[in-house]
Amino acid sequence: MYPNQVKEALGHVRYPGNGKSLVEAGMVADDIRIDGNDLSFSIVFPKQNDPFAKSVIKAATQAVHTYISDEVNVTIVPSFPQPEVREQENPMARVRNIIAVSSGKGGVGKSTIAANLAMSLCNLGYRVGLLDADIFGPSVPKMFNLEDAHPMASIAEDGRSIIEPIEQYGIKILSIGFFVDPASAVVWRGAMASNAVRQMINDANWGELDYFVVDMPPGTSDIHLTLVDALQFTGAIVVSTPQQVALADARKGIDMFKNEKINIPILGLVENMAWFTPAAHTDEKYYIFGNGGCRKLAEELNVPLLAQIPLIQSVCESGDNGAPISFDPNGLAGRYYLELAEKITERLI
């Protein structure tokens, strides 16, 4: 028994996938080993989980016994191509700037600032995405009139199923509020909430963006650590009202971003509800929550005070009606947010 004799025998076996003999199809590997009556070789199949593998191996064994000798001990090793491994594209690879909008406590208007900042950046002509990462209190769907929205899925080039963000007013938006019952509380353990955040980042088609605004949960939690691990933040904005209780929490929020394990640059403080001006007396200012608290904190911590935004009834009304007040950049309130957006873009040039 010799190699050519083995190949001649295998020339009588045809591969059902193309009708060619194993030799013609180049399926007999160059590893024929003969040791007395022991014969071993490999058959290279053209695809994984080849449906003809078992029948071909049986036919090849029979051919050796028929054309050489039935005393030959035949060992045939099937060989299959390795699956193509495509490197998963970083979903944030085409995002230039990622901005965290955070607050030390709830109720200071963080989500309103995030929504109107995203809208103002869009008004300036930038491509903008907005992620509502406030898992336990998502409000972005309400503010953008998307309470009934349900994102669609598509298939990426690597075969994965990915989420298509909802586009509203020119902004790409995702929120956990799109995937849960708006009338029910989100009662999740930390790991489940963190996984949901990662999925909205890693399994979504964000595409090419100039600014990606992330509405963070209030306070400091494991979700913040998840976001820091998943995203390369360009900088963070901390929102507070002027009252001392809010400022104490804002101080903790700033300290979190400055922590060496997180180390995200602080773009600045935004003082929300800085004063109240009656519509009938536009020259009057009433400092309901205190005067200049954020300015003092900014000076103490050596961070910029980016904006002081007054308490304006139309801001609340527009959010409740599903269109951020900065949708009209020429209105009184819209101008405050436009100036905030311009300051941020200047700092990130």
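If you're wondering where the values come from, they're calculated on a predicted model, not measured in any experiment.
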Which atom pair, heavy atoms only, marks the closest approach of Tyr126 to Thr345?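 Here Tyr126 and Thr345 meet closest at CE1-CG2, 3.7 Å.
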
Minimum heavy-atom distance between Val13 and Ala60, given as atom pair plus value: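 Nearest heavy atoms, Val13 then Ala60: CG2-CA, 3.9 Å.
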
Determine yes or no for a side-chain-to-main-chain donor-acceptor pair under 3.5 angstrom, with [X] supplying the side chain and [Y] the backbone.
X	Y	value
Asn97	Thr234	no
Asn116	Ser326	yes
Lys343	Leu306	yes
Asp132	Val140	yes
Ser120	Leu117	no
Gln308	Ala274	no

Could you pull out all residues at least two apart from [X] that satisfy ring-ring contact (aromatic ring centres under 6.0 Å, His included)?
X	result
Phe179	none
Tyr286	none
His65	none
Phe233	none

Spatial distance of atom [atom1] ([X]) from atom [atom2] ([Y]) [nearest 0.5 Å]:
X	Y	atom1	atom2	answer
Leu174	Met200	CG	CE	6.5 Å
Ile237	Ile344	CD1	CD1	3.0 Å
Tyr211	Leu209	OH	CG	12.0 Å
Lys7	Ile32	NZ	CD1	5.5 Å
Leu10	Ser21	CG	OG	9.0 Å
Arg33	Thr75	CZ	OG1	13.0 Å

Which residue pairs pass the salt bridge (Lys or Arg N to Asp or Glu O under 4.0 Å) test with at least one member in residues 110-122, sequence neighbours excluded?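 Every pair satisfying salt bridge (Lys or Arg N to Asp or Glu O under 4.0 Å) with a residue in residues 110-122: Lys110-Asp134, Lys110-Asp215.
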
Could I get the full list of salt bridge (Lys or Arg N to Asp or Glu O under 4.0 Å) partners for [X], not counting sequence neighbours?
X	result
Arg335	none
Arg295	none
Arg14	Glu24
Asp210	Arg96, Arg127

Residues 252-259 side chain polar contacts: donor-acceptor under 3.5 Å, at least two apart:
residue, atom, partner, partner atom, Å
Lys258, NZ, Leu301, O, 3.3
Asn259, OD1, Lys261, N, 2.8

Scan residues 235-248 for pairs that pass side chain to side chain donor-acceptor pair (under 3.5 Å), counting only residues two or more places apart or in two chains.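 The answer is Thr241-Gln243.
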
Between Tyr287 and Trp275, what is the ring plane arrangement, given parallel below 30°, perpendicular above 60°, and tilted in between?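 It falls in the perpendicular class, over 60°.
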
Does the side chain of [X] reach to within under 4.5 Å of the side chain of [Y], using non-hydrogen atoms?
X	Y	answer
Asp50	Lys47	yes
Met216	His224	yes
Tyr337	Asn123	no

With sequence neighbours excluded, tell me which residues meet side chain to side chain donor-acceptor pair (under 3.5 Å) with Glu164.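 Checked Glu164 against side chain to side chain donor-acceptor pair (under 3.5 Å); matches are Ser154, Asn205.
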
Working for side-chain hydrogen bond (donor to acceptor under 3.5 Å, both in side chains), residues Asp38 and Asn73: CA-CA 5 Å; Asp38 294 330; Asn73 300 316; 2.9 Å; yes

Residues Ser139 and Ser111: side-chain donor-acceptor under 3.5 angstrom: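 Ser139 vs Ser111: donor-acceptor pair found between side chains.
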
Got more than 12 heavy atoms from elsewhere within 6.0 Å of [atom1], [X]?
X	atom1	answer
Asp229	CG	yes
Asn263	CG	yes
Glu167	CD	yes

Under a single-linkage definition using a 4.5 Å side-chain heavy-atom cutoff for Ile, Leu, Val, Met, Phe, Trp and Tyr, are Ile43 and Phe80 assigned to the same hydrophobic cluster?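 In one cluster: yes.
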
